[in-house]
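Here the structure is laid out as structure tokens; the discussion comes afterwards.
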2 protein chains.
Amino acid sequence: MKETAQLLREKGLKVTPQRIAVYNMLLHTHEHPNAETIYRTLEVTNPTMSLATVYKTLDYFKHLGLVQELNVGEASSRYDATVQCHPHTVCTSCGKVTDLYCDALTNLHEKFADQLDFDVTCEQLIFYGTCSECRSKINEDLPD
Amino acid sequence: MKETAQLLREKGLKVTPQRIAVYNMLLHTHEHPNAETIYRTLEVTNPTMSLATVYKTLDYFKHLGLVQELNVGEASSRYDATVQCHPHTVCTSCGKVTDLYCDALTNLHEKFADQLDFDVTCEQLIFYGTCSECRSKINEDLPD
DNA sequence: CTCCTAACTAATAATTATTGTTATTTAATA
DNA sequence: TATTAAATAACAATAATTATTAGTTAGGAG
């Protein structure tokens with residue numbers, strides 16, 4: 001936990017329990033939680049935590065490049081402590097968002113920069129569909 | 001305009017002036033407007049038009065595959081009458097969303113389907129950055 | 001062509017995610 | 001330890017979207 005405090009300080013942020021809690025939660029999950037989920041998870045151990053602070057903290061973190069905001073078409077944004085752009089899969093059945101680490105699908109803009117007439121700062125590739133678990137479930141429910 | 005009425009009928013929808021107006025507007029623009037913009041544009045010529053109807057109409061259209069909902073990280077969704085998945089650029093300076101027709105950046109999932117363990121139904125590739133017009137403006141404002 | 005009815009629309013209320021406000025508290029430094 | 005600028009919690013406000021409902025209309029039956 002020392003590292004988080006150090007990191008926040010380096011970014012010019014005051015170190016508060018709330019900020020440490022939000023950042024550490026994002027570091028240790030792969031669920032890409034939204035603000036509501038972060039708040040619900042943290043209020044159990046951090047009674048002194050409000051949803052507005054979660055929003056504000058995420059906003060600071062985003063602008064300082066500590067987290068990435070992810071928009072997969074849901075009403076609310078999801079957050080990821082991995083700030084490097086990388087593709088995601090989104091299961092339209094269970095809602096699960098998964099990181100995809102695949103060099104061939106990453107930094108696509110670099111390969112096409114000359115054809116674009118557009119300065120790309122960030123790219124987002126999302127595959128929508130059905131994850132393997134949901135596919136199995138659907139097959140169980142529909143025996144032939 | 002006859003074709004739109006025909007298309008709606010084929011999809012099992014009643015043909016109403018509101019629905020024709022919304023669909024035709026989306027057909028004839030490349031601006032990827034959101035519900036609010038569609039409403040504002042149409043109320044000029046269609047005084048009998050309400051924002052709630054625009055939302056409901058877009059929802060019907062989306063589920064019937066007549067339009068595509070596009071989420072570029074803004075508060076509201078944008079809509080596109082081109083339902084085939086294709087990449088977009090989003091200028092973070094002026095907000096303009098532009099279609100990108102480039103075979104090498106389209107249907108990426110088909111090329112990687114075997115590596116995924118995920119049934120992809122649709123993919124979305126978005127390049128965020130600065131469009132050429134905004135780049136020129138920035139250069140004007142900052143002479144060296 | 002007129003009538004009928006289910007489907008549609010407009011108006012408006014309600015909801016949900018997010019942001020603003022403010023009084024109080026706290027982290028960091030002298 | 002005292003100071004103070006910044007952060008927080010509580011709550012109000014806003015914006016986008018959805019739900020409700022009473023009145024209207026499209027389109028088929030007669």
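Each chain gets a letter, A, B and so on, in the order the sequences are listed, and its residues count up from 1. What you see is a predicted model; the values in this text were computed from it and never measured.
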Check your understanding: Rounded to the nearest Å, what distance is computed from the CG atom of residue A:Leu64 to the C1' atom of nucleotide D:dA7?
Key -> 15 Å
**Study point:** Listed partners of A:Ser132 passing side chain to side chain contact (heavy atoms under 4.5 Å, CB included), at least two apart
**Key:** A:Arg135, B:Asp117
Name each donor-acceptor pair under 3.5 Å that joins a side chain in residues 66-74 of chain B to protein atoms two or more places apart or in another chain, with its distance.
unit_1	atom_1	unit_2	atom_2	d
B:Gln68	NE2	B:Thr82	O	2.7
B:Glu69	OE1	B:Lys62	NZ	2.6
B:Glu69	OE2	B:Ser77	OG	2.7
B:Glu74	OE1	B:Arg78	NE	2.8
B:Glu74	OE2	B:Arg78	NH2	3.3

Review point. Which residue pairs satisfy the ring pair (Phe, Tyr, Trp, His ring centres under 6.0 Å) criterion with at least one member in residues 59-104 of chain B, sequence neighbours excluded?
Key: B:Tyr23-B:Phe61, B:His32-B:His88, B:His86-B:His88, B:His86-B:Tyr101
Practice item. Measure the shortest side-chain to side-chain distance between A:Thr57 and A:Thr16 over non-hydrogen atoms and say whether it is less than 4.5 angstrom. Key: no
Exercise for review: Quick one: list whatever passes side chain to side chain contact (heavy atoms under 4.5 Å, CB included) with A:Val15, sequence neighbours left out.
Suggested key: A:Ala5, A:Leu8, A:Arg9, A:Ile20
**Study point:** Angle between terminal axes - the helix from C:dC1-D:dG30 to C:dA30-D:dT1, 5 pairs each end, rounded to 10°
**Key:** 30°
Point to revise | Joint cluster assignment, A:Leu105 & A:Phe112, ILVMFWY side-chain distance < 4.5 Å | key: yes
Point to revise | Check: B:Asp119/A:Thr130 side-chain N/O donor and acceptor closer than 3.5 Å | key: no
Review point. Going by number, which of residues 65-73 of chain B have a non-hydrogen atom under 4.0 Å from DNA chain C?
Key: none
Check your understanding: What's the NZ-P distance between B:Lys56 and C:dT12, to the nearest Å?
Key -> 16 Å
Review point. So do B:Val120 and A:Tyr128 actually touch side chain to side chain, heavy atoms under 4.5 Å?
Key: no
Exercise for review: In whole angstrom, give the distance that lies between atom CG of B:Leu8 and atom C1' of D:dG27.
Suggested key: 14 Å
Exercise for review: Check whether any side-chain N or O of B:Thr4 sits under 3.5 Å from a backbone N or O of B:Asn24 as a donor-acceptor pair, and report yes or no.
Suggested key: no
Check your understanding: Side chains of B:Asn34 and B:Thr37: is there a donor and an acceptor less than 3.5 Å apart?
Key -> yes
**Study point:** All salt bridge (Lys or Arg N to Asp or Glu O under 4.0 Å) counterparts of B:Glu43, not counting sequence neighbours
**Key:** none
Check: residues 47-55 of chain B side-chain donor-acceptor pairs under 3.5 Å, at least two apart:
unit_1	atom_1	unit_2	atom_2	d
B:Ser50	OG	B:Thr53	N	3.3
B:Ser50	OG	B:Thr53	OG1	3.2

Point to revise | Spacing between A:Lys11 atom NZ and D:dA7 atom P, to the nearest angstrom | key: 16 Å
Revision key, fill the gap. Whole-Å distance, A:Glu36 CD to C:dT19 P, equals 14 Å
Exercise for review: Would you please confirm or rule out a distance under 4.0 Å between OP1 or OP2 of C:dT18 and any side-chain N or O of A:Tyr55?
Suggested key: yes
Revision key, fill the gap. The correct set of residues in residues 38-52 of chain B placing a heavy atom under 4.0 Å from DNA chain C is B:Thr48, B:Met49, B:Ser50, B:Ala52
Point to revise | A:Lys96 bridged to A:Glu133 by N-O distance under 4.0 Å | key: yes
Practice item. Give a yes or no answer on whether the side chain of A:Glu123 reaches the backbone of B:Ile126 with a donor-acceptor pair at less than 3.5 Å. Key: no
Exercise for review: Please state how far atom CD in A:Glu74 lies from atom P in D:dT18, giving the value in whole angstrom units.
Suggested key: 14 Å
Exercise for review: With sequence neighbours excluded, tell me which residues meet side chain to side chain contact (heavy atoms under 4.5 Å, CB included) with B:Ser93.
Suggested key: B:Cys91, B:Cys134
Review point. What does nucleotides 1-8 of chain C look like as a protein-contact string, B for base, S for sugar-phosphate only, - for none, at under 4.0 angstrom between heavy atoms?
Key: -----BSS
Every protein N/O within reach of nucleotides 28-30 of chain D N/O, cut-off under 3.5 Å:
none

**Study point:** Backbone N/O of A:Cys102 and side chain of A:Thr106: donor-acceptor pair under 3.5 Å
**Key:** yes
Review point. Between atom CG in B:Asp59 and atom C1' in D:dT18, what is the gap in whole Å?
Key: 9 Å
